[in-house]
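Below: one structure, written as structure tokens.
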Amino acid sequence: MLVERGAITPRDDIPANAGGLCQKGWTAGELLGAPDRVTAPLMRAHRNAPLEAVSWDTALDRITAEVRRIQRAHGLDAVAVFGGGGLTNEKAYQLGKFARVALRTANIDYNGRFCMSSAAAAQNRAFGLDRGLPVPITDIAETDVVLLAGGNVAETMPPFVRHLAAQRERGGRLIVIDPRETPTARRADLHLQITPGTDLALANGLLHLAIVEGLIDHAYLARRTVGFEAVRTTVNAYWPERVERITGVPVPRMREAVHMLGGAHRALILTARGAEQHATGTDTVTAFINLALGLGLPGRAGSGFGCLTGQGNGQGGREHGQKADQLPGYRKIDDSVAREHVARVWGVAPGDLPGPGLSAFELLAALGTPAGPRAMLVFGSNPVVSAPDSTRVEARLDALDFLAVADFVPSETAARADVVLPTTQWAEETGTVTNLEGRVLLRRAALPAPSGARSDLEILAGLAGRLDAPGRFSADPAEVFDELRAASAGGPADYSGITYERIVAETGVFWPCPGEGHPGTPRVFLDRFATPDGRARLIPVEHRGPAEEICGDYPLYLTTGRVLAHYQSGAQTRRVRALVDAAPEAYVEVHADLAGRLEVDDGAAVRVTSRRGSAVATVRLSRAIRHDTVFMPFHWAGAARANLLTNPALDPVSRMPEFKVCAVRVEKIP
Ligand SMILES: Nc1nc2c(c(=O)[nH]1)N[C@H]1C(S)=C(S)[C@@H](COP(=O)(O)OP(=O)(O)OC[C@H]3O[C@@H](n4cnc5c(=O)[nH]c(N)nc54)[C@H](O)[C@@H]3O)O[C@H]1N2
Ligand SMILES: Nc1nc2c(c(=O)[nH]1)N[C@H]1C(S)=C(S)[C@@H](COP(=O)(O)OP(=O)(O)OC[C@H]3O[C@@H](n4cnc5c(=O)[nH]c(N)nc54)[C@H](O)[C@@H]3O)O[C@H]1N2
Ligand SMILES: [Mo]
């Protein structure tokens with residue numbers, strides 16, 4: 001990537017996008033010079049005082065003093081850390097180490113818990129490994145059928161569409177499962193317009209049909225998997241008419257989907273947030289994995305199961321220890337061998353490492369409660385807008401004794417902080433990210449940083465020094481990466497053979513890569529799965545439906561997600577002119593027939609109300625959404641936040657909140 005005076009020229013040698021960017025990418029340079037960019041540390045003397053510019057020493061000394069005071073009074077776990085999947089591998093690693101070694105708190109988690117944690121949990125359970133795609137993205141061109149459950153790549157990953165186009169050119173077909181006829185669904189050969197929250201039943205129903213129609217690969221199941229018999233018994237109860245009643249997908253459409261998949265030589269089943277962000281997300285992904293295994297797909301080129309990874313570093317950000325239950329290299333924090341290895345790299349005793357802490361929403365919900373954390377440091381997230389049930393999240397943040405936020409813009413979360421630390425942006429710092437293929441890429445600094453900003457690594461080094469942390473906290477990304485390599489060695493996400501030099505020479509290296517002589521692993525599971533016996537696990541799962549059903553008071557399903565022009569909490573994209581022009585305000589997508597019943601017109605202001613609260617938005621009429629469902633993007637702040645409405649019901653395994661379905665009513669604002 002070349003960046004000059006904010007103009008961006010993408011590299012065209014990275015196969016994932018071949019130089020293609022979306023509008024958010026090619027306008028990202030504008031944010032480097034955002035008029036309200038934070039370029040000096042800000043601090044308030046007490047809770048009701050305004051944020052005022054201070055020196056770096058004053059800001060870091062204040063954080064250190066607050067951490068010391070609060071930990072002395074309330075214990076080590078009283079200080080929490082909240083990270084982000086946009087952080088580079090080096091930062092994510094260092095943040096996890098900082099929490100465990102400098103703060104010695106168990107309470108670190110990150111926004112990836114809101115993102116891919118259900119897909120991660122299901123892949124770990126079935127395959128023993130969680131890598132977004134099992135094969136390089138360019139394999140898709142050779143795939144006969146792609147099934148995409150709950151992903152709108154035409155808006156959320158525009159460069160991905162070129163791979164679908166290449167696939168189509170070869171005669172390949174696309175099936176999309178989405179309650180809305182999105183720009184992605186419009187490209188599909190088959191669109192299954194599902195009732196929100198019922199994908200698990202549909203996947204079980206498709207497997208039922210595949211069994212009945214003789215499309216199962218029994219030789220593959222015998223050779224490479226365990227558990228099919230129990231799954232067969234479970235899906236027996238998912239006969240087509242029952243599944244149609246649950247999901248709203250007509251039986252002939254289900255048959256068509258199964259025949260397309262079952263007749264394909266190569267097929268890829270992909271899930272994204274639409275299928276995953278549910279209180280049943282892990283089991284839902286498991287149901288799609290069962291289907292893929294039943295058809296004999298995983299472990300072959302151009303075939304298998306995958307999850308479309310989100311965020312700037314959604315894959316690498318989930319591997320190196322900013323998750324509450326995790327150590328670098330995708331190790332488990334409660335595994336004694338892992339603790340010993342990582343403690344040795346960090347120069348501490350294994351017994352001094354904390355155990356697992358609270359998951360993201362549980363952490364936010366515990367802030368300022370008698371047993372919960374009393375201080376929090378945030379790096380790379382804006383939970384005031386992006387966490388579910390925002391009214392509660394704001395109340396919990398305000399109940400803290402101390403909040404510090406590192407960010408380059410005054411986000412809605414930074415605005416509530418006692419100390420704001422101005423950080424450098426991607427173009428001003430070097431580091432690695434790992435893309436959805438498991439390919440580790442190097443992003444080099446292209447511009448000098450504004451004089452007042454520091455990188456997250458510098459900030460962590462400054463704090464670790466003040467806290468007398470043992471071990472090394474380098475601010476040099478290359479040094480941190482070398483330490484990460486050692487810490488990940490032998491773990492599931494093994495980076496030990498990856499160097500900056502190799503990444504440059506080889507246009508990225510795929511993990512696992514357990515030695516400098518190892519070529520890296522573009523395709524996983526070709527010979528064996530990463531389970532102890534090398535076999536994949538089929539696990540029976542049952543439909544449970546959304547945590548909150550529609551009823552007389554709340555007669556509509558609300559689902560939430562993204563639009564092309566905005567990114568996440570909007571902290572970045574609401575500051576870019578062209579993007580604001582493209583999508584200026586919060587809206588709620590309503591089917592025209594439903595709007596008629598509600599007596600609201602296009603452009604009308606409405607109040608959308610759930611059991612958690614109300615949000616205000618403008619009606620956008622559509623014929624591309626179900627009659628029983630409305631859709632709100634979550635990119636806007638204040639009273640327009642979709643997350644004022646969402647249900648924080650959590651998946652029992654992944655602790656993922658149910659962003660994708662809750663019950664609401666829509667009323668005209670007179
Ligand atoms: N423009 C843009 N691109 C982005 C981002 C962004 O904020 N803006 N964020 C990035 C990140 S972090 C992520 S995680 C990815 C997310 O990428 P996607 O998963 O593609 O994005 P979403 O819009 O959250 O959800 C996808 C679709 O799920 C559908 N859906 C809702 N409920 C259900 C359901 O119950 N079942 C099914 N099958 N579908 C359902 C929605 O209608 C929506 O079209 O995008 C990344 N790319
Ligand atoms: N209703 C609803 N809510 C959702 C979702 C949904 O589909 N529906 N999706 C969820 C998903 S998938 C995700 S990933 C989350 C995302 O939620 P958030 O993580 O809150 O979203 P971002 O807007 O990316 O926030 C990142 C913040 O960190 C700052 N930042 C960026 N890079 C860096 C860095 O390198 N260092 C530091 N210190 N700061 C940085 C940015 O300026 C921004 O303020 O939202 C979740 N929330
Ligand atoms: Mo995400």
Side-chain angles (χ1 to χ4, degrees), residues 22-24 31 82-88 91 110-116 148-158 160 176-185 192-199 202 247 271-278 284 308-314 317 378-388 390 405-414 421-426 429 431 455-456 459 546 557-575 583 589 625 629 631-635 641-643 645-646 656-657 659-661:
C22 70
Q23 193 184 10
K24 297 183 300 307
L31 205 63
F82 202 89
L87 303 178
T88 60
K91 295 179 188 185
Y110 82 122
N111 65 18
R113 185 76 67 175
F114 299 156
C115 188
M116 294 138 309
L148 176 54
N152 179 15
V153 289
E155 293 195 74
T156 58
M157 218 176 277
F160 186 89
V176 168
I177 307 175
D178 199 303
R180 301 185 302 140
E181 193 192 311
T182 59
T184 312
L192 309 180
Q193 198 163 7
I194 194 169
T195 306
T198 65
D199 295 74
L202 180 62
T247 65
T271 61
R273 301 310 82 76
E276 299 164 6
Q277 287 173 322
H278 295 276
T284 299
L308 292 181
T309 294
Q311 304 195 78
N313 188 25
V378 179
F379 286 80
S381 186
N382 186 15
V384 167
V385 178
S386 62
S390 359
V405 174
D407 207 315
F408 39 78
V409 292
S411 74
E412 289 70 19
T413 306
L421 301 172
T423 59
T424 48
Q425 292 187 44
W426 57 278
E429 54 186 31
S455 75
D456 296 293
I459 293 170
Y557 294 109
L558 168 75
T559 191
T560 64
R562 297 160 165 80
V563 297
L564 181 64
H566 283 289
Y567 188 64
Q568 317 276 57
S569 74
Q572 299 179 71
T573 49
R574 283 185 276 114
R575 292 183 158 80
E589 186 179 322
I625 188 166
T629 303
F631 169 80
M632 280 180 81
F634 77 103
H635 309 296
R641 274 172 298 173
N643 280 321
L645 308 168
T646 47
M656 160 76 84
F659 287 117
K660 285 293 189 270
V661 53

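All ligand and atom numbering here is 1-based and tracks the order in the structure.
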Subset of ligand 2 atoms that lie under 4.0 Å from at least one heavy atom of Ala406: 37 (C), 38 (N), 39 (N)

Proximity to ligand 2 by part of Ser386, non-hydrogen separation under 4.0 Å: both

Is the closest heavy atom of Gln425 to ligand 2 under 4.0 Å? no

Return the closest protein heavy atom for atom 35 (O) of ligand 2 as residue, atom name and distance. Lys91 NZ, 2.8 Å

Counting heavy atoms under 4.0 Å, the part of Thr198 that contacts ligand 1 is neither

ring-ring contact (aromatic ring centres under 6.0 Å, His included) filter on Phe631, not counting sequence neighbours, yields none

Without hydrogens or angle criteria, can the side chains of Glu429 and Thr424 be said to hold a donor-acceptor pair below 3.5 Å? yes

Residue Thr646 vicinity, atoms of ligand 2 by number, heavy atom under 4.0 Å: 1 (N)

Residue-level breakdown please: for Ile177 versus ligand 1, do any non-hydrogen atoms fall below 4.0 Å on the side chain, on the backbone, on both, or on neither? both

Of Leu148, Thr247, Thr309, Thr156, which has the heavy atom at the shortest distance from atom 46 (C) of ligand 1? Thr156

How are the rings of Phe659 and Phe114 set relative to one another: parallel (under 30°), tilted (30 to 60°) or perpendicular (over 60°)? perpendicular

Counting from 1, what ligand 2 atoms have a heavy atom of Thr423 closer than 4.0 Å? 37 (C), 38 (N)

Against heavy atoms of Asp456, which atoms of ligand 2 measure under 4.0 Å? 34 (C), 35 (O), 36 (N), 37 (C), 38 (N)

Would you check whether His278 has a nitrogen or oxygen atom less than 3.5 angstrom from a nitrogen or oxygen atom of ligand 1? yes

Ligand 2 atoms in contact with Ala571 (distance to a heavy atom under 4.0 Å): 43 (C), 44 (O)

Answer side chain, backbone, both or neither: which part of Thr559 comes under 4.0 Å from ligand 1, heavy atoms only. side chain

Who gets closest to atom 8 (N) of ligand 1 by heavy atom: Arg562, His566, Met116? His566

One residue to check: Leu564. Relative to ligand 1, which of side chain, backbone, both or neither has a non-hydrogen atom less than 4.0 Å away? backbone

Apply salt bridge (charged side-chain N to carboxylate O under 4.0 Å, His left out) to Glu412 and list each qualifying residue two or more places apart in sequence or on a separate chain. Arg574

